[in-house]
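Heads up: the structure comes next, in structure tokens.
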Amino acid sequence: MTQPDRPGSAEPHPYDPSAVERKWRERWAAQGTNRTDIERGERPFYALMMFPYPSAEGLHVGNLFAFTGNDIFARFQRLRGHSVFEPIGFDAFGIHSENHALKLGVHPTELIPRNVANFTRQITSAGLMVDWSRAVDTTDPSYYKWTQWVFLQLFRRGLAYRKKAAVNWCPNDKTVLANEQVENGLCERCGATVEQRFLEQWFFRITDYAGRLLANLDTLDWSQTTKSAQRTWIGRSDGAEIRFRVLDPLQDAGSAAVHVTSEVTSGASEIVVFTTRPDTVFGATYLVLAPEHPLVDDVTTGDQEPAVAAYRKRTAAQDLVSRKTTRDKTGVFTGSYAVNPATGEIIPVWIADYVLMEYGTGAIMAVPGHDERDFAFAREFGLPIERVVAGPGDGAHAPLAEPFTDTANARLVNSERFDGYTVDDAKVAITAWLEEKHAARAIVNYRLHDWCISRQRYWGPPIPIIHCDSCGAVPVPEQDLPVLLPNIPDFRPDDSGVSPLARHEEWYRVPCPACGKPARRETDVSDTFLDSGWYFLRYPSVGRDDAPFDAAVTQKWLPVDSYIGGNEHAVLHLMYSRFLTMVLHDAGHLGFEEPFTKFRAHGLIIRDGAKMSKSKGNVVVPDDYIARWGADTFRTYLMFLGPFEEGGDFRDAGISGVRRFLDRVWASVHGARTDGEPDPDVVRKLHQTIRKVGDDIPRLQYNTAIAAMMEYVNVLRRGERVPHRSEVEPLVPLLAPFAPHVAEDLWETLGHATGVFDSGWPEFDPALAAGDAMTIAVQVNGKTRGSVEVARDAGEEVVAAAARGAPAIAKFLPASPKKVIYVHGRLVNFVG
RNA sequence: GCCGGGGUGGCGAAACUGGUUAGACGCGAGGGACUUAAAAUCCCUUGGCCGAAAGGCCAUCUGGGUUCGACUCCCAGCCCCGGCACCA
């Protein structure tokens, strides 16, 4: 335990981080320093960081880097007089935890608390200003009760529905994966090749919100990279739906050059396609349906049936991802023809796997002249390729050796009355023209898909639905929540595609809440992203058992003022959180529809140029560093590595410099003198430093803030100088966000009774920072040749005269400069 | 391929809206002081080339351009990192 010695005492003891940090950890805990007064706190500021998944390996530097970045901003806001709320929790449900439990052969209910305890210890030792009284654990029934409640809100509003869908099935994890969890055909977490399966799944209708999710982005103060990732993911496309009449061979027989030899099986009368290029409709020479398209049976003629059936079977067996990555074109003619509504020409209808059922209408008009994919397909199958758009140099019949996809300076050709139109004009005009003929309508499509929340696994909140033969899917009444996850020993998933819960009749057999007849519980659990999609709403209201979040408290603390996290969650967690917030807003539960006013993505900490991973064996565990150097040094070092939003390469070299800096701050405070007056030059530097640090922290430019403090300490101690107490005192709160323990201790040493974080941010005096002289660079012909010192209020003439008079400059000066450029306070340039 | 971000000393990096001899701050390296010695600490030097020095020249991925002045702006290209990608 350190004994504060008075400033100026002859033999200051050296800085001992472990003693200082232990002392303040204990004192903060005992005094509740980090607890937030949720009800009465003034100027509330909610500083959120992405909560971790409590892995068995413990917290790694990547986590700590992010947390520290948030903690610094949070502590800074507190110093500026805000009541700051910096909560933490554990995202402990999900495949991650479950797989790990399976591997160790330990039940997750045993494993998770162990990991949480370890994380808690690590976070505490890192000195984060976390309010532990409001920690959240997604696996706690008092939390997932409300996760289930959120599901019910969506269900009520018709935003949760069940459908049988082709899904990505991971044969290794034995579960369904969201599209986002598949990377290049492989399972994002285990690397197994993903297969296609058809299962009944619960979906959230996030696509209903696509337009709002996109439009609101413009109003958010978020990292550009994150916003642009979301824009791409939502993928808005403006275009048109165009209807193509399908020829009825009986009616149209003999009417055209169609040789219909077979009977049609049914009366599919039209095919609707989606296109972003309605301007090219005159060049549509065939149609393609997705193999899964519901009209395929209707349009397939008898003689084509075997080929179509074989092709569809083949497609169905293929995994969803290799289908999307293979560029080779395959397909089969259905035997039917349709009429191009623009040209009146009769064109064939094909099926091909390059058309996807889940996008647009699952059908396209193929314009091989102006689309890469259609061109490749037409080449493969000998279908006609026509030019309807020409570049400035091309004639209307210039042959197409490759698709012409430029639209910038292009004009329409071979498109009757639309010839000569620009692409943009033609899009509008042709859509309007077809619209009149009831053959088209302008429409917006989104790439975003509905969110599949079903997981056929054990370790998640059961979806609160009861299936009844008479009543259908009945929501569990709110007063019956939570639907507890039963503690079953055989939680291992199997290949059946149903959840382990489905093996427990005693659990799933329940009476229907509506009619009382025997019914069965839904046995799927929900996606982890549902747990994390609303946790920020819960934090301020932790402890409330009668509501997910308290109205007044939520009103006061939300939306989140500052959210810091990794960009790997740019399109999943952040999109889902926004969506759920919008839904809860629409349902009248929230007064805002965007949860995070400001979001900043932190950079990645890499090691030896590579992302840290267990397989590479380059993971850095913070514990050893904290033990060796102290948490304050380690925190400050992590932030000194590089710009927070860019991350950096972790290496041991360099940490000693930060430690030396803290040693020198320690020595400066403990050795400060109180006699005499502070040095005005030092005081000027001090105020420049206060400004710099105060400007840099809100911009998360922590590395330069630290550099500024180091510079100041160099000035303080230059030439074995002994600093004055008043020069050193304001440095302590500046340092406090970065190195909170040592700052507290030094503050106490300086004789303060209250903690440093309740003492306010030092005041910055612009007059003191400026001083009364200024240095002006002197250039001749744009080349800097020296500088002159002049009074701060000197005008151009005075500066120019001083510059001319400076001996070092005279020899470069032309006899009579043609021009003199003066930039106030910066430079004077003589141009000869 | 498309959309972001980025290329500056031996290394991590600075440089406000084009303006103080580019490289702050830190690491590393070299030299010195203290010490019997080492560690720690403190002081000095440290982009490259030429030069005894004074000083000069060259340097922010490459090549052009705008400007009195460019790491910063414009055009063309190369490389690295991240996201998206048969989405019609």
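Here is how names work: the chains are called A, B, and so on, in the same order as the sequence lines, proteins then strands, and each is numbered from 1. FYI, side chains are in, hydrogens and waters are out, and symmetry mates aren't considered; it's all heavy atoms of this structure. Everything numeric in this text was worked out from a predicted model, so none of it was measured.
- B/A29 is paired with B/U45 under the criterion used here, namely a Watson-Crick or G-U wobble arrangement in which both key atom distances are under 3.5 Å.
- When rounded to the nearest whole Å, the span between CG of A/Asn567 and C1' of B/C3 equals 13 Å.
- Base engagement by A/Ile364 is indicated by at least one non-hydrogen atom pair under 4.0 Å involving a base atom.
- Among the nucleotides B/U20, B/G19, B/G26, the one closest to any side-chain atom of A/Asn829 is B/G19.
- Listed candidates were B/U20, B/A14, B/C86. Nearest to the side chain of A/Asp353 is B/C86.
- For the pair A/Leu448 CG and B/C84 C1', the computed distance is 14 Å after rounding to whole Å.
- Taking atom P on both B/C73 and B/A24, the two are 23 Å apart, rounded to the nearest angstrom.
- With a 4.5 Å cut-off on side-chain heavy atoms, A/Asp374 and A/Ile385 do not count as touching.
- Between the side chain of A/Arg664 and the base of B/C42, no donor-acceptor pair under 3.5 Å is found.
- Rounding to whole angstrom units, CG of residue A/Asp663 and C1' of B/C42 are separated by 14 Å.
- By the 30° and 60° cut-offs, the orientation of the rings of A/His569 relative to A/His573 is perpendicular.
- Remark: B/A22 base-pairs with no nucleotide; criterion is Watson-Crick or G-U wobble with both hydrogen-bond distances under 3.5 Å.
- Checked by atom type, the side-chain pair A/Thr330/A/Tyr311 shows a donor-acceptor distance below 3.5 Å.
- Taking every side-chain heavy atom of A/Asn703 into account, B/A14 is the closest of B/A88, B/A14, B/G12.
- Across all strands shown, A/Ser237 has heavy atoms under 4.0 Å from sugar-phosphate atoms exclusively, and none from any base.
- Using N1 to N3 plus N6-O4 or O6-N4 for Watson-Crick, or N1-O2 and O6-N3 for G-U wobble, each under 3.5 Å, B/A15 pairs with nothing.
- In this entry B/U66 has no Watson-Crick or G-U wobble partner, no candidate having both defining distances under 3.5 Å.
- Of the candidates B/G5, B/C86, B/C27, B/C27 carries the atom nearest the A/Arg660 side chain, counting heavy atoms from C-beta on.
- Atoms CG and CH2, on A/Leu662 and A/Trp629 in that order, are 11.0 Å from each other to the nearest 0.5 Å.
- Straight-line distance from the CG atom of A/Leu827 to the C1' atom of B/A22: 15 Å, rounded to whole Å.
- On a pure distance criterion of 3.5 Å, a polar donor-acceptor pair joins the side chain of A/Gln779 and the base of B/G19.
- Taking the P atoms as reference points, B/G5 lies 15 Å from B/C75, given to the whole Å.
- The closest side-chain donor-acceptor pair between A/Ser237 and A/Arg447, if any, does not fall under 3.5 angstrom.
- Going from atom CZ of A/Arg826 over to atom P of B/G69 covers 19 Å, rounded to whole Å.
- Using the Watson-Crick or G-U wobble rule with both distances under 3.5 Å, B/G82 pairs with B/C3.
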